[in-house]
> 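First the structure, which I've put down as structure tokens, then a few questions once you've had a look.
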Protein chains: 2
Amino acid sequence: MGVSLRDVADLAGVSVKTVSNVVNGYAHVAPATRAKVEEALSRLDYRPNLSARNLRRGRTGVIALALPELDAPYFAELSRFVIDAAAEQRWLVVIEQTDGSLERERQILDGVRDHRVDGLILSPIAIGADELAARTDETALVLLGERIHDGPADHVAIDNVRAARDVTEHLIGLGRTRVAALGAQDSAVSGTAPLRLAGYREALAAHGLPETVVRVERYRRADGAAAMAGLLTGGDRPDAVFCFNDLLALGALRAILSRGLRVPEDIALAGLDDIEDGRYSTPTLTTVAPDKAELARIAVDLLRRRIDGRSGHAPQEVRAGYRLMARESTLGR
Amino acid sequence: MGVSLRDVADLAGVSVKTVSNVVNGYAHVAPATRAKVEEALSRLDYRPNLSARNLRRGRTGVIALALPELDAPYFAELSRFVIDAAAEQRWLVVIEQTDGSLERERQILDGVRDHRVDGLILSPIAIGADELAARTDETALVLLGERIHDGPADHVAIDNVRAARDVTEHLIGLGRTRVAALGAQDSAVSGTAPLRLAGYREALAAHGLPETVVRVERYRRADGAAAMAGLLTGGDRPDAVFCFNDLLALGALRAILSRGLRVPEDIALAGLDDIEDGRYSTPTLTTVAPDKAELARIAVDLLRRRIDGRSGHAPQEVRAGYRLMARESTLGR
DNA sequence: CAACGTTGTTCCAACGTTGTAAACAGGGGC
DNA sequence: GCCCCTGTTTACAACGTTGGAACAACGTTG
């Protein structure tokens, strides 16, 4: 093994505890002693053994971030911010991928128990509020990016309903009347899809326009392309499409362009997430930009409070900001 | 704290060590005893405390993956595979982001996080072979995606020179004669850029064609767009461009299209990495597809060997496979 | 100058686990 | 009936750390 407190203590000619005190910044250490110890510390290049420290303190200094898939750009971008925010608390972040499967989400929620992590930030897809409420484990938990009403855990997200309504209003504001929604899901118990759908419906209802809703299995480019292709072969072609995330929109864009139609002239297109790809597509993609840094910061902050002291008992519900980013895909004709 | 071996032992009426033996699958435990213990284990829902186990065993069960930035799609996709491959070894993966800064790479190599991780997979950008060789830390290390000749550590990558030559040959094969390379770098001591540049040069030289090399600061879409814009305002417009990664290519694509030029009719375009974005851009992007799953698997495997037993002493150099993916951006005219 | 408080340091125990070695029980061979 | 062997179980120590009690040294106060 490496250098231990005992080694340092021997070299400095003091007790192990004194070295520990120096390392931990305990106040009452004589300057001379402190100097001796610090000299020894740096001579030996001492690094605390964190397994031991954690065993003693009952903490691991590691939190888990569980999300559907790391290679979806939105989650990759979000992870980056979470890692950075966690680094400020001197936490390491391990990433778990659920693939959106209920199985995996259960497993992770459950497996958090083997004391490997102090807390968990979960971006749930499949699991329901009731099941979450029923969990016995007491590990700190923060839900990210989904709204489980009156949920059993702290939760941070943007206002999905309002964001969806804003985008839809934007499309309607262009003068489009056949506005489709792409990205509804059958399975999602409590995901964001129903919320975005609700926002879409609110906007259409407010203008007395008819709904067209297309379902998808997952939220990848391929799903967007396939769904869009279906929409284009149908009789009544939409003149605007709100995709529930940017990947779907980019897939849809591809499907539209490859059929010789134009965006935005023939079909205006908008997404949600503001992934970087959408800023460089042709045309660039109108979208909603959640404040990812804020989401991450809040999530880590909530987790810190839960871990530190019981931060009040009632689960908190925090909203992060977002901005509508109008780009080429919804320019007026 | 949670349930410990002692609790289980008390309930089962045996010693702590016997419970430990059952948990660890030790052979010589009487069936009756084993049954009793297992009953108690499940009654109490025992989970081993990994801090304690790791302290005892001198392992943490965690490896670090250090890469420039998680939100570059290539690294996000790669991370996914690394996490999956590590999961098979029952390792958790913590991700560190270097932002390609020498500072951060040093910091990570040196402080490999105290004793927090058993090994490190590093995708280096800035650090040089000499400095790597000089490192004192003995944590297992595998380099990923870069070729440091006769390096001091295990290393896995695709054959960047050959891959770059293949792409360039492909462009030349279309009948293009003014083939530019986009993505050279001044700073990189030993990055992939010089290797890709070398491959490009080999191909051009073989056909007696002139070189055009454009440098970039970093490998993001914005850099590709800016560099391409520069290339287009110059006098002698290229009729084909090999970008050193897909992000650069997508940025370049945007720059070309926004000037009213066509791809591939006016300019054929190819990248390298095979990120998903390039499969859905319009036109779709010709690229080299490194076998990311294989890269990850090999990296984890090399690391496992280093960690387990001293796996021979000579650093290994392993090549992963790749495929040229010809897509719309290089269709014949 | 004795009692006392303050400051600095050490000793001991404990966190939960597992390797080592020793103790123990039962069975077979003499 | 004794001994040894095998199989099973246990006691103990140790991994490196830190909280708390104990203790030593010192200066202050009555």
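None of the values given here were measured: they were computed from a predicted structure. Atoms considered below: every heavy atom in the structure, side chains included; atoms not considered: hydrogens, waters and symmetry mates. Chain identifiers are assigned alphabetically (A, B, ...) following the order of the sequence lines, protein sequences preceding nucleic acid strands; residue numbering begins at 1 within each chain.
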> Below 4.5 Å, heavy atoms only, C-beta onward: do B:Ser79 and A:Ile95 meet side chain to side chain?
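No, their side chains stay 4.5 Å or more apart.
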> CG of A:Asn54 versus C1' of C:dT17: gap in Å, rounded?
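In whole Å, C:dT17 C1' and A:Asn54 CG are 15 Å from each other.
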> Only pairs under 3.5 Å count here: list side-chain donor-acceptor contacts from residues 82-91 of chain B, not counting sequence neighbours, and write none if there are none.
none

> Given atom CG of A:Leu44 and atom C1' of D:dG16, what is their separation to the nearest angstrom?
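Taking atom C1' of D:dG16 as the reference, CG of A:Leu44 is at 15 Å.
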> State whether B:Asp10 and B:Arg6 are salt-bridged, where the test is any N-O pair (Lys NZ or Arg NE/NH1/NH2 against Asp/Glu carboxylate O) under 4.0 Å.
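Answer for the salt bridge query: yes.
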> Closest approach of B:Leu295 and B:Ala157, non-hydrogen atoms and distance?
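Scanning both residues completely, I find the closest heavy atoms to be CD2-CA, 3.8 Å.
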> Which pair of non-hydrogen atoms, one from B:Arg53 and one from B:Pro48, has the smallest distance, and what is that distance?
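Residues B:Arg53 and B:Pro48, closest heavy atoms: NH2-CB, 3.5 Å.
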> From C:dG16, D:dT8, D:dT17, pick the nucleotide closest to the side chain of B:Thr33?
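When the side chain of B:Thr33 is considered, D:dT8 is the closest of C:dG16, D:dT8, D:dT17.
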> To the nearest angstrom, how far is A:Leu55 atom CG from C:dG16 atom C1'?
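For the pair A:Leu55 CG and C:dG16 C1', the rounded distance is 6 Å.
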> Name the pairs: protein N/O against N/O of nucleotides 24-26 of chain D, kept only if under 3.5 Å.
none

> Answer yes when B:Arg305 and B:Asp308 have at least one side-chain N-carboxylate O distance shorter than 4.0 Å, and no when they do not.
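So B:Arg305 does not pair with B:Asp308 through a salt bridge.
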> Just by distance, no angles: are the side chains of B:Thr60 and B:Asn54 close enough, under 3.5 Å, to form a donor-acceptor pair?
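No, B:Asn54 and B:Thr60 have no side-chain donor paired with an acceptor closer than 3.5 Å.
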> List every contact pair, protein side and nucleotides 24-27 of chain C side both N or O, where the distance is under 3.5 Å.
none

> Hey, are the side chains of B:Ile127 and B:Leu102 touching, using non-hydrogen atoms and a 4.5 Å cut-off?
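They are in contact (side-chain heavy atoms under 4.5 Å apart), so the answer is yes.
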> Please give, in whole Å, the distance from C:dT18 C1' to B:Asn49 CG?
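Roughly 13 Å, once rounded to whole Å.
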> OP1 or OP2 of C:dG16 less than 4.0 angstrom from a side-chain nitrogen or oxygen of B:Arg53, does that happen here?
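B:Arg53 to C:dG16 OP1/OP2: no side-chain N or O under 4.0 Å.
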> Specify the separation, in whole Å, of atom CG of A:Leu5 and atom P of C:dT10.
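To the nearest whole Å, that distance equals 13 Å.
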> Using a 3.5 Å distance criterion without hydrogens, assess whether the side chain of A:Asp7 forms a donor-acceptor pair with backbone atoms of A:Val3.
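No, the answer is negative, given that no donor and acceptor are paired below the 3.5 Å cut-off.
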> Where do A:Asp154 and A:Arg306 land on the side chain to side chain contact (heavy atoms under 4.5 Å, CB included) test, with the steps shown first?
CA-CA 9 Å; A:Asp154 289 340; A:Arg306 279 286 158 199; 2.8 Å; yes
> Is a side-chain donor-acceptor pair under 3.5 Å present for B:Ser101 with B:Thr98?
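B:Thr98 vs B:Ser101: no donor-acceptor pair found between side chains.
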> Can you tell me if A:Ser15 uses its side chain to pair, donor with acceptor, with the backbone of A:Thr18 under 3.5 Å?
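Answer holds: yes.
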> Identify each donor-acceptor pair in which a side-chain atom of residues 66-74 of chain B lies under 3.5 Å from a protein atom, sequence neighbours left out, and give them as a table.
| unit_1 | atom_1 | unit_2 | atom_2 | d |
| --- | --- | --- | --- | --- |
| B:Glu69 | OE1 | B:Arg218 | NH2 | 3.0 |
| B:Glu69 | OE1 | B:Arg220 | NH1 | 3.3 |
| B:Asp71 | OD1 | A:Arg80 | NH1 | 2.8 |

> Would you mind checking if B:Arg104 and B:Asp99 are paired as a salt bridge, meaning a charged N to carboxylate O distance below 4.0 Å?
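Salt bridge absent between B:Asp99 and B:Arg104.
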> Would you please enumerate the stems DNA chain D participates in, each stem being three or more consecutive Watson-Crick or G-U wobble pairs with both distances under 3.5 Å?
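Paired runs of 3+ in DNA chain D: C:1-30 with D:1-30.
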> Rounded to the nearest Å, what distance is computed from the CZ atom of residue A:Arg57 to the P atom of nucleotide D:dG19?
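Value for this atom pair: 6 Å.
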> Within residues 12-29 of chain B, which residues have any heavy atom lying less than 4.0 Å from an atom of DNA chain C?
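Of all residues in residues 12-29 of chain B, the ones placing a heavy atom under 4.0 Å from DNA chain C are B:Val16, B:Lys17, B:Ser20, B:Asn24.
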> Let me know the distance between CZ of B:Arg56 and C1' of D:dA13, rounded to the nearest Å.
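In whole Å, D:dA13 C1' lies 8 Å from B:Arg56 CZ.
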> How do B:Ala52 and B:Pro31 order along DNA chain D: which one's closest nucleotide is nearer the 5' end?
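First, find each residue's nearest nucleotide; the 5'-ward one identifies B:Pro31.
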> To the nearest Å, give me how far apart CZ (A:Arg34) and P (C:dT7) are.
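Rounded to whole Å, this separation is 14 Å.
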